[in-house]
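Because the structure is a prediction, the values reported are computed rather than measured.
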Amino acid sequence: MPFKERHMENAHIADLFDQMADLLELKAEDPFRIRSYRNTARTLRDLSERVADWVEAGKSLADLPNIGKSSEDKIREILKTGTCARLEELQKEVPPGLPDLLKVPSVGPRTASELYKKLGIHTLAALKAACEKHELQTLAHMGAKTEAKILKGIVTLESSEGRILLKEATDYVESIGRLIKTIPAITKWEAAGSYRRGRETVGDLDILLHAGDRKAAIGALQQYEEISETISQGVEWLNVRLQNGLRVDFRFFEPAAFGAALMYFTGSKAHNIALRKRAQDNGWKLNEYGLFKGKKRIAGSTEADLYQHLNLAWVPPELREDAGEIAAAEKEALPQLIELKQIKGDLHCHTTATDGQNTIEEMARAALTRGYEYLAITDHSQSTRVAGGLDETRLKKHAENIRKIGGRMKNIELLAGVEVDILKNGELDLDEKLLADLDWVVASIHSHFQLSREAMTDRLVKAVESGVIHCLGHPTTRLIGQRDPIQFDFDRVLEACRKHDVLMEINSAPERMDLPDVLCKRALEAGVQFAISTDAHNTNDLDFIRYGIIVARRGWLTKKDVLNTLNVSALRKRLRKALKAQPL
DNA sequence: GCCGTTTTCGGCCCGACTGTTTTCAGTCG
């Protein structure tokens with residue numbers, strides 16, 4: 001297999017399957033076959049291990065859900081050649097650009113192929129021009145309103161910034177919540193969707209409400225100052241767009257249906273489908289209004305009730321991805337997911353010694369007000385010059401200072417630590433003897449992100465094998481929507497971490513959320529332990545811990561998997577053990 | 001194309017809105 005394909009990401013292969021599904025839709029082929037292609041794409045996307053590695057190791061893909069002989073052949077072909085015959089064939093049968101039209105809201109496969117057949121349109125630009133010239137109205141089932149909607153959709157698409165970070169979505173949910181508190185008509189509300197599942201990015205917000213007087217409630221919601229336009233409104237809903245482009249859908253439900261609605265709008269879609277199928281197997285019907293036996297609603301007011309009727313334990317939203325949670329819920333084997341209140345300290349933060357904005361003492365006080373028993377101060381090492389990284393002399397002094405301040409503070413212990421750079425060749429950026437004297441050492445990559453997969457793997461393994469680091473900081477170095485993760489053999493690094501008792505960090509910074517959730521689960525399965533840290537650069541950033549907790553929950557982690565759930569004395573004990581641990 | 005204590009065929013989740021039409025097709029979540 002050529003080098004490039006050997007390292008092909010699952011997401012890339014998944015995209016090709018989605019492309020085939022789009023093309024099949026444009027050709028109006030069997031909808032069930034199309035769904036099957038999409039299911040295959042989803043399976044690939046959600047998989048934590050790379051199929052490229054499986055194939056190279058001679059493993060079969062047939063045990064994976066939604067992947068049969070036909071898909072396995074196509075995957076192997078894609079890995080070998082970068083594409084597959086079926087895709088190329090379909091691309092020849094459909095005009096180039098036509099699949100792009102499917103991205104426009106209210107343009108589906110039927111409309112797109114009609115546009116091409118009748119008007120010869122196969123690009124977004126041509127579609128926009130046709131709308132402006134009112135040519136769409138010449139088509140059947142196509143009037144002025146649809147044409148205007150399509151035109152607006154193209155404009156939005158052109159200016160769309162896509163999905164927003166979970167933190168940004170959270171900020172909007174909280175500001176909407178503050179508004180709702182002032183509206184007496186609204187007696188119950190909940191934000192559902194990918195926000196509730198804790199996905200790292202959110203495409204839109206689904207807000208479910210119950211109100212005695214819906215008209216009054218809608219009137220009051222429209223006063224939300226962030227609204228830039230009302231997309232549509234009815235008796236039971238209000239759809240708006242905010243100034244930043246985010247779409248917010250408010251929907252009203254009766255209490256008897258609220259749980260069913262919450263379940264339905266929380267998703268994921270795949271989780272819902274699995275639940276509905278389960279209902280159907282019992283001769284029932286599940287929809288957003290409840291669980292029905294014939295016309296009689298047998299559950300619907302709460303999620304707990306619905307899951308119970310389906311003979312399942314209640315599934316935390318973060319796990320609802322149809323990735324094994326339903327089988328676990330059936331066997332009462334869901335993990336007791338970690339919670340924010342179990343965190344006893346933060347193990348990664350910066351101060352004015354390097355690129356932080358607060359002093360050691362200020363950070364310590366902020367940690368104390370959050371109920372923490374300890375805080376590790378981990379400023380940068382010398383190579384990170386933009387951050388004013390510490391050389392050996394400055395670090396020694398800084399560590400003394402941390403210990404001195406820690407010594408005189410009550411109810412909180414400070415760990416003298418560092419975030420040491422992992423250099424290009426895998427060596428650490430500071431003398432190992434000095435590092436061994438510190439309480440806590442995080443090692444991170446901040447440069448040379450483009451090394452080959454082999455070199456990058458060697459680099460990380462070498463750092464892990466140094467014997468002086470406790471934790472790998474933001475292991476993939478990705479910045480969501482800005483910088484791709486570095487490429488390395490995750491399994492080899494995990495194996496090294498397990499051997500040398502080195503932890504994986506879950507960096508809680510909203511633009512990092514690194515490790516990502518699927519890798520988190522894989523590291524868990526490999527027997528590696530975690531630290532959930534904020535990488536705070538000021539006192540406020542310490543609150544980012546909530547996002548790390550969400551990643552951990554999506555990665556199926558429990559309290560025992562996370563080092564900083566230990567109280568301070570247990571942590572000290574554990575760290576002494578870690579420092580003494582010798583390579584096996 | 002996938003799947004299977006109803007297993008190699010015949011199913012495959014469900015409902016609502018919109019805009020266009022007078023009974024429905026297409027899109028969406």
Side-chain angles (χ1 to χ4, degrees), chain A residues 17-18 20-22 24-26 28-44 61-75 84 86 90 101-115 136-150 152-153 192-195 197 202-208 231-239 247-249 251-253 257 260-292 300 310 322 326:
Chain A
F17 273 86
D18 271 331
M20 285 191 274
D22 282 347
L24 289 166
E25 279 203 303
L26 288 166
E29 298 232 350
D30 176 21
F32 294 108
R33 176 168 303 188
I34 293 164
R35 183 192 297 172
S36 175
Y37 275 77
R38 297 212 186 277
N39 286 339
T40 302
R42 186 175 59 82
T43 296
L44 288 170
L61 308 177
D63 288 341
L64 291 168
N66 303 315
I67 296 180
K69 172 94 176 70
S70 176
S71 291
E72 170 154 10
D73 286 348
K74 286 190 182 72
I75 292 168
C84 73
R86 185 79 185 108
L90 288 166
L101 303 193
L102 300 176
K103 286 186 249 163
V104 181
S106 73
V107 175
R110 302 294 178 129
T111 308
S113 39
E114 191 74 359
L115 285 166
L136 263 57
Q137 295 184 43
T138 60
L139 301 179
H141 296 277
M142 193 68 72
K145 280 193 175 175
T146 309
E147 188 180 69
K149 207 160 134 188
I150 289 174
K152 196 153 186 222
S194 52
Y195 161 78
R197 300 203 311 282
V202 172
D204 57 21
L205 289 178
D206 293 299
I207 311 281
L208 310 186
I231 296 167
S232 75
Q233 96 179 69
V235 184
E236 297 183 341
W237 77 94
L238 169 67
N239 299 335
R247 180 176 165 145
V248 184
D249 292 351
R251 304 165 200 272
F252 291 86
F253 289 91
L262 186 56
M263 180 187 248
Y264 180 88
F265 285 102
T266 297
S268 65
K269 190 167 177 154
H271 180 84
N272 285 349
I273 288 172
L275 292 182
R276 287 202 285 267
K277 189 149 177 18
R278 202 176 164 87
Q280 202 189 41
D281 290 345
N282 283 310
W284 302 330
K285 193 175 63 178
L286 178 64
N287 59 30
E288 62 264 53
Y289 303 106
L291 182 63
F292 294 87
L310 294 170
D322 191 23
I326 291 176

Work out how far the C1' atom of B:dT22 is from that of B:dT18, and round it to whole angstrom. 16 Å

For atom P, what is the distance between B:dC14 and B:dT8, given to the nearest Å? 23 Å

Applying a 4.0 Å non-hydrogen cut-off, can you work out what A:A144 is touching in the nucleic acid: base, sugar-phosphate, or nothing? sugar-phosphate

Just call it for A:F32: base, sugar-phosphate, or nothing, with non-hydrogen atoms closer than 4.0 Å on any strand. base

Please work out if A:Y264 contacts a base, only the sugar-phosphate, or nothing of the nucleic acid, heavy-atom cut-off 4.0 Å. base

Report the residue (A:P105 or A:A62) whose heavy-atom-nearest nucleotide on DNA chain B is the more 5′ of the two. A:A62

Atom CG in A:L44, atom CG in A:L64: separation rounded to 0.5 Å? 7.5 Å

When you measure from the side chain of A:T146 to the backbone N and O of A:M142, does any donor-acceptor pair fall under 3.5 Å? no

For a quick check of understanding: with a heavy-atom distance under 4.0 Å over all strands, which category does A:R110 fall into, base, sugar-phosphate or nothing? sugar-phosphate

Determine the interatomic distance between C1' on B:dT7 and the same-named atom on B:dC2; round to the nearest Å. 13 Å

Side-chain donor/acceptor of A:N282 to backbone N/O of A:W284, under 3.5 Å: no

Within the structure shown, what part of the strands sits under 4.0 Å from A:T111 by heavy-atom distance: base, sugar-phosphate, or nothing? sugar-phosphate

What is the nucleic acid contact for A:N272, judged by heavy atoms within less than 4.0 Å: base, sugar-phosphate only, or nothing? nothing

Same-atom distance (C1') from B:dT6 to B:dC12, integer angstrom: 14 Å

How many angstroms lie between NZ in A:K277 and CG in A:L286, if you round to the nearest 0.5 Å? 13.5 Å

Provide the start and end nucleotides, 5' to 3', of the part of DNA chain B that has atoms under 4.0 Å from heavy atoms of chain A. B:dG1 to B:dG29

Both A:A140 and A:D204 contact DNA chain B. Which one's nearest nucleotide lies toward the 5' end? A:A140

Heavy atoms only, 4.0 Å cut-off, all strands: where does A:K269 land among base, sugar-phosphate and nothing? base

Roughly how far, to the nearest 0.5 Å, is OG1 of A:T43 from CD1 of A:I75? 9.0 Å

Integer angstrom distance from the P of B:dC17 to that of B:dG11: 30 Å

Criterion salt bridge (Lys or Arg N to Asp or Glu O under 4.0 Å) against A:E25, the qualifying member of A:R38, A:R110, A:R35, A:R33: A:R38

P spacing across the pair B:dG15 / B:dT21, given as an integer number of angstrom: 28 Å

Find the partner of B:dG26: check Watson-Crick (N1-N3 plus N6-O4 or O6-N4) and G-U wobble (N1-O2, O6-N3) distances, both under 3.5 Å, and reply none if neither fits. B:dC17

For the CZ atom of A:F17 and the OG atom of A:S36, what is their distance to the nearest 0.5 Å? 9.0 Å

When you compare B:dT23 with B:dA16, how far apart are their P atoms, in angstrom units rounded to a whole number? 22 Å

To the nearest 0.5 Å, what is the distance between CG on A:D249 and CH2 on A:W237? 11.0 Å

Work out how far the C1' atom of B:dC28 is from that of B:dC13, and round it to whole angstrom. 14 Å

Counting the atoms with a prime plus P, OP1 and OP2 as sugar-phosphate, which does A:W237 contact under 4.0 Å by heavy atoms, base, sugar-phosphate, or nothing? sugar-phosphate

Give A:P109 one of three labels, base, sugar-phosphate or nothing, depending on what nucleic acid heavy atoms sit under 4.0 Å from its own. sugar-phosphate

Counting any heavy atom closer than 4.0 Å, what does A:I34 reach on the DNA or RNA strands: base, sugar-phosphate only, or nothing? nothing

